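Computed over heavy atoms, backbone and side chain alike; hydrogens, waters and symmetry mates excluded. Atoms within a ligand are numbered from 1 in the order they appear, just like the ligands themselves. Since the model is a prediction, treat every value here as computed from it, not as a measurement. This chain uses plain numbering: 1 for the first residue, then up along the sequence.
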Amino acid sequence: MLTLSDLMWEPDTGWREAAACSGVGSDAFFPASEEASAAVAAKKICAECPVSEICLQYALATNQAAGVWGGLDSGERRRMRRRMRDRERRRAS
Ligand code: SF4
């Protein structure tokens, strides 16, 4: 399971070459609305993406506040970070 301390990021962006969203317009990945339905099209593409795990790790490591990354929208990533932080605090106490 991924932890916050795993999020040491090395600036290797080669994974982007294999991204399923390469060549797809960014509107789907950065919808104007935060409604869950606005991110459905992007999430379908992410579900088929061979680099979704590293994409999500990149978004978490660089604290991307907007858009769909690794199949998760911004709210889902915030909740994931919170769960990871809480788990690490519990483990440390
Ligand atoms: S997981 Fe989604 S946003 Fe990330 S590279 Fe793949 S298609 Fe693009």
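- In this structure, the protein non-hydrogen atom closest to atom 8 (Fe) of ligand 1 is C21 SG, 2.3 Å.
- Neither the backbone nor the side chain of L56 comes within 4.0 Å of ligand 1, counting heavy atoms alone.
- Side-chain atoms of F29 and I45, non-hydrogen and from C-beta on, do get closer than 4.5 Å to each other.
- The ligand atoms of ligand 1 that sit less than 4.0 angstrom from a heavy atom of V68 are 3 (S).
- Here the side chains of E34 and S74 are in contact, with some heavy-atom distance below 4.5 Å.
- Look at C49 and atom 4 (Fe) of ligand 1: no N/O/S atom of the residue is under 2.8 Å from the metal.
- Close contacts between ligand 1 and F29 involve ligand atoms 2 (Fe), 3 (S) [criterion: under 4.0 Å to a heavy atom].
- The protein atom (non-hydrogen) at minimum distance from atom 2 (Fe) of ligand 1 is C46 SG, 2.3 Å.
- Side-chain contact of Q64 with T62: a donor-acceptor pair under 3.5 Å is present, judged by distance alone.
- Counting heavy atoms from C-beta outward, K43 and L72 have side chains that stay 4.5 Å or more apart.
- Taking 2.8 Å as the threshold, C55 does not count as a candidate ligand of atom 2 (Fe) of ligand 1, since none of its N, O or S atoms lies below it.
- Distance from atom 5 (S) of ligand 1 to its nearest protein heavy atom, with residue and atom name: A19 CB, 3.4 Å.
- The closest side-chain heavy-atom distance from V68 to F30 is not below 4.5 Å.
- Between E17 and V51 the shortest side-chain heavy-atom distance does not fall below 4.5 Å.
- Distances below 4.0 Å separate heavy atoms of S52 from the following atoms of ligand 1: 1 (S).
- Close contacts of ligand 1 with G70, meaning ligand atoms under 4.0 Å from a residue heavy atom, involve 1 (S), 4 (Fe).
- Ring centers of W15 and Y58: under 6.0 Å apart, within the cut-off.
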